[in-house]
Protein chains: 2
Amino acid sequence: MPTITGHPERHAPTLEAVAEAAGVSRATVSRVVNGSPSVRGEVVEVVQKAIAELGYVPNRAARSLASSRTHSIALLVPEDVSRFFGDPYFASFTGGLDRRLADTEYVLNLVVARDDPGRKAVRYVRGGNVDGAIVVSHHRGHDFLRQLEGSVPIVYGGRPDVALSSAPYFVDVDNESGGYLATRHLIESGRTRIASIAGPDDMSAALDRVAGFRRALQEAGLPDDAIVHANFTASGGAEAMRTLLARQPDLDAIFSASDLMATGALTALASRGISVPGDIAIVGYDDSPAATWGEVGLTTVRQPSELMGATAVDVLLQLLGGVADVPHENIVPTELVIRNSA
Amino acid sequence: MPTITGHPERHAPTLEAVAEAAGVSRATVSRVVNGSPSVRGEVVEVVQKAIAELGYVPNRAARSLASSRTHSIALLVPEDVSRFFGDPYFASFTGGLDRRLADTEYVLNLVVARDDPGRKAVRYVRGGNVDGAIVVSHHRGHDFLRQLEGSVPIVYGGRPDVALSSAPYFVDVDNESGGYLATRHLIESGRTRIASIAGPDDMSAALDRVAGFRRALQEAGLPDDAIVHANFTASGGAEAMRTLLARQPDLDAIFSASDLMATGALTALASRGISVPGDIAIVGYDDSPAATWGEVGLTTVRQPSELMGATAVDVLLQLLGGVADVPHENIVPTELVIRNSA
DNA sequence: TTGTATGCGTTATCAG
DNA sequence: CTGATAACGCATACAA
């Protein structure tokens with residue numbers, strides 16, 4: 001490998017070097033580095049000084065080999081890269097996760113692989129490369145996730161749809177009540193011909209929102225069967241909107257299971273000259289940045305996705321830390337954010 | 001650490017175990033695993049069989065410790081997580097990178113940190129945790145990038161703005177000619193009052209596009225001073241559009257330095273009842289998915305961002321592989337994609 | 001509280 | 001072509 005810089009490649013200092021410089025043993029330096037309480041104060045100082053002077057940085061591989069802990073966790077995303085990046089939900093989930101992780105010495109390994117051909121992702125996780133994993137956007141049918149069981153602790157973002165052999169750890173929102181909340185709001189503002197642009201029908205989060213939607217309508221004695229499933233993208237939302245309109249031109253309200261789909265619906269409506277919320281009211285889901293992109297602020301169900309990411313990390317860290325009785329279900333609250341669209 | 005599964009935690013098989021099972025030495029197994037040509041065919045088969053049967057997976061930490069190579073590379077993003085995720089350019093850049101990496105045994109470590117307080121990111125890269133790094137979205141003023149010099153090979157996405165002590169490796173598009181191309185198109189379609197929504201003025205990519213914009217206008221003898229800088233976001237684009245309009249209401253064309261900003265501009269125009277391309281023509285930049293989000297397809301300068309990501313990986317792998325004479329400047333072509341907006 | 005000794009799973013340098 | 005054997009840098013049980 002070519003040397004990039006001019007100055008001679010200085011060997012990275014090791015524990016040994018620090019120990020010598022500080023006049024103590026390797027073990028003591030190791031203890032200081034790892035914050036062991038059983039080291040005399042003065043000694044700690046001397047060692048830390050030596051560490052600073054030499055610019056010592058622990059070698060992760062060696063540490064990992066000796067302790068059989070890697071200090072890294074995987075974010076596993078069984079999706080297309082473009083889907084992962086296209087949805088603001090992931091952005092803020094990952095943001096929360098990342099920020100929470102920044103306080104720790106763990107690093108994040110991003111593994112996004114839709115089909116995981118060759119089980120590369122699974123092998124990676126099982127191969128002892130990470131201490132734990134967080135899995136988001138899993139669909140029913142992602143059976144390969146089962147192969148992760150029994151390797152390292154796993155926390156799911158959203159209740160997993162696959163049949164696991166033991167109770168999974170997950171963080172989720174109460175999607176059913178989110179859907180209920182949104183629909184209830186539409187009903188209370190006087191709407192009566194209410195449809196839903198739902199998420200994919202192989203994701204429980206999507207189905208739960210539909211369930212809430214239906215419950216609200218049934219309670220109000222309104223029809224609950226105007227539902228079109230889309231794939232959580234803006235263009236999917238636009239198409240669903242057109243389908244809905246073709247089927248039932250006199251709609252007066254929409255519950256969209258994601259903000260992104262709602263933005264698609266909005267452009268579809270705009271191009272037909274249908275006003276929001278005048279002609280049709282619309283409530284989104286997520287409270288993502290997309291909710292305020294357009295000219296009309298989107299009334300939406302806030303999903304604290306950033307908090308979810310952070311919580312997922314918390315749960316995982318507890319698991320890794322051997323904390324007893326970590327709760328399996330971690331539900332974060334949902335809330336209606338009222339803007340202009342409904 | 002609590003055992004998650006029911007079945008007893010079986011020790012992961014080691015080289016040793018495979019060697020025993022195959023009736024050879026550890027060294028030989030290691031050779032087979034690493035594809036050494038100097039192992040007899042039959043022996044290779046026996047060993048591979050044993051590997052398969054035992055489900056052996058090399059321990060990365062041990063391997064890394066012994067070989068001082070980590071087989072992982074960092075994607076370093078000196079940005080907010082939300083910026084990183086919000087821009088489709090990164091999505092496809094990362095997608096290209098990820099796909100290219102999938103063919104190799106390298107894994108990606110995502111390090112996104114705006115200010116890198118405590119130099120965590122730098123320490124991470126310097127600490128021997130990765131074999132190399134790819135850096136995107138660096139701004140002038142990101143001097144901490146200088147601290148990466150001399151550690152591991154680095155490839156920049158976009159020509160770096162910081163003063164480096166040695167010639168950097170980078171992949172980039174010819175932004176100047178991209179800006180020229182876009183503006184030229186507007187001029188040729190008869191527009192004469194042309195403004196630009198430019199990118200941040202601390203990024204050379206943005207400034208180069210402005211330069212191309214100006215060159216085209218000067219050649220045509222048209223005014224070239226209607227320029228507003230924004231931050232590459234949709235809302236930034238919308239605001240810039242409003243500023244531009246306030247300043248010069250009779251504009252008839254816009255060159256936006258990113259599609260995302262262009263979408264913001266489009267919504268700003270729509271809300272004022274200004275038609276595109278009737279009243280104002282607009283050309284974007286990127287050819288990202290955002291270009292086709294709206295009702296009116298965006299004419300735009302295609303930036304093969306996916307190719308750029310893949311190329312960055314290629315260059316880095318060459319560097320890591322000790323290939324001689326790897327070119328420092330890797331320029332990928334740019335092209336005008338004509339849709340409806342101009 | 002501190003030091004000593006051993007092992008973590010591979011790679012790589014030797015001989016053979 | 002193959003097999004011993006010494007690193008690699010650190011954590012940790014055990015001794016002192």
Side-chain angles (χ1 to χ4, degrees), chain A residues 1 9-48 50-51 54-72 105 126-129 131 320 322, chain B residues 1 9-48 50-51 54-72 105 123 126-129 131 322:
Chain A
M1 179 164 49
E9 190 69 20
R10 195 175 303 287
H11 249 357
T14 69
L15 263 195
E16 185 83 51
V18 177
E20 191 174 4
V24 297
S25 75
R26 271 180 359 217
T28 298
V29 178
S30 176
R31 291 185 184 104
V32 172
V33 169
N34 294 297
S36 161
S38 67
V39 180
R40 203 151 35 101
E42 314 167 25
V43 179
V44 171
E45 280 185 28
V46 177
V47 172
Q48 281 175 337
I51 288 176
L54 295 180
Y56 167 75
V57 177
N59 178 305
R60 155 168 309 225
R63 174 182 280 198
S64 167
L65 183 57
S67 66
S68 71
R69 288 201 266 106
T70 64
H71 286 290
S72 60
E105 54 178 336
R126 293 206 66 107
N129 297 301
D131 294 341
L320 294 178
Chain B
M1 178 162 49
E9 189 68 21
R10 193 176 305 286
H11 251 357
T14 68
L15 265 194
E16 185 84 51
V18 176
E20 191 174 3
V24 297
S25 74
R26 274 181 353 220
T28 298
V29 179
S30 176
R31 290 185 186 105
V32 171
V33 169
N34 293 297
S36 162
S38 66
V39 180
R40 203 151 33 102
E42 315 167 23
V43 178
V44 172
E45 280 185 27
V46 177
V47 171
Q48 281 176 337
I51 288 177
L54 295 180
Y56 167 76
V57 177
N59 178 306
R60 157 178 253 106
R63 173 180 277 195
S64 168
L65 182 56
S67 66
S68 71
R69 286 199 269 105
T70 64
H71 287 289
S72 60
E105 56 179 338
R123 270 173 32 220
R126 294 206 65 108
N129 296 301
D131 294 341

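Order of the sequence lines fixes the chain letters, A, B, ..., with proteins taken first and strands second; residue numbering starts at 1 for each chain.
Using a 4.0 Å heavy-atom distance criterion, A:V43 is classed as a sugar-phosphate-only contact. Within the 4.0 angstrom heavy-atom criterion, only backbone atoms of the sugar-phosphate kind lie near A:V24; the bases stay farther away.
Here the C1' atom of nucleotide C:dA12 and the CG atom of B:N34 are 11 Å apart, to the nearest Å. Between the CD atom of A:E42 and the P atom of C:dT1 there is a distance of 12 Å, given to the nearest Å. One can place CG of A:L65 at 12 Å from P of D:dG9, the figure rounded to the nearest angstrom. Between the CD atom of B:E20 and the P atom of C:dG9 there is a distance of 14 Å, given to the nearest Å. Atoms CG (A:L15) and C1' (C:dA5) sit 15 Å apart, rounded to a whole Å. The CZ atom of A:R60 sits 14 Å away from the C1' atom of D:dG9 (whole-angstrom rounding). B:I51 has its CD1 atom 10 Å from the P atom of C:dT10, to the nearest Å. Spacing between atom CG of B:L54 and atom P of C:dG9 amounts to 14 Å, rounded to whole angstrom units.
Side-chain nitrogen and oxygen atoms of A:N59 include none within less than 4.0 Å of the OP1 or OP2 phosphate oxygen of D:dC8.
Proximity of A:N59 to A:T14: side-chain heavy atoms (C-beta onward) are nowhere separated by under 4.5 Å. Looking at heavy atoms from C-beta onward, A:R63 lies in side-chain contact with A:N34 at the 4.5 angstrom threshold. In this structure the side chain of B:T28 reaches within 4.5 angstrom of the side chain of B:V39, judged on heavy atoms. Within the 4.5 Å cutoff, the side chain of A:V24 has no heavy atoms near those of the A:V46 side chain.
Nearest heavy-atom pair, B:R31 versus B:S38, reported as atom, atom and distance to 0.1 Å: CD-OG, 4.4 Å. B:S72 and B:N129 get closest at one heavy-atom pair: OG-O, 3.3 Å. Smallest separation of non-hydrogen atoms from A:Y56 and A:V33: CE2-CG2, 4.0 Å. Contact between A:T70 and A:D131 at its shortest, heavy atoms only, is N-OD1, 2.7 Å. When all heavy atoms are compared, the tightest approach of B:V32 to B:Q48 is CG1-CG, 4.0 Å.
Each end of the helix from C:dT1-D:dA16 to C:dG16-D:dC1 yields a helix axis from five base pairs, and these two axes differ in direction by 30° (to the nearest 10 degrees).
The 5' end of DNA chain D is approached more closely, in terms of each residue's nearest nucleotide, by B:R40 than by the other of B:R40 and B:S67. Mapping B:R63 and A:G23 onto DNA chain C by nearest heavy atom places A:G23 at the nucleotide closer to the 5' end. A residue-by-residue look at A:R26 and B:S30 shows that A:R26 has its nearest nucleotide of DNA chain C further toward the 5' end.
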Short N/O separations, protein against nucleotides 13-16 of chain D, under 3.5 angstrom:
none

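Of the candidates D:dA11, D:dG3, C:dT10, the closest approach to any side-chain atom of B:T28 belongs to D:dG3. For B:A66, taking side-chain heavy atoms from C-beta onward, the closest of the listed nucleotides D:dG9, C:dT1, C:dT11 is C:dT11.
In terms of modelled atom types and a separation under 3.5 Å, the side chain of A:R69 and the main chain of A:L320 share no donor-acceptor contact.
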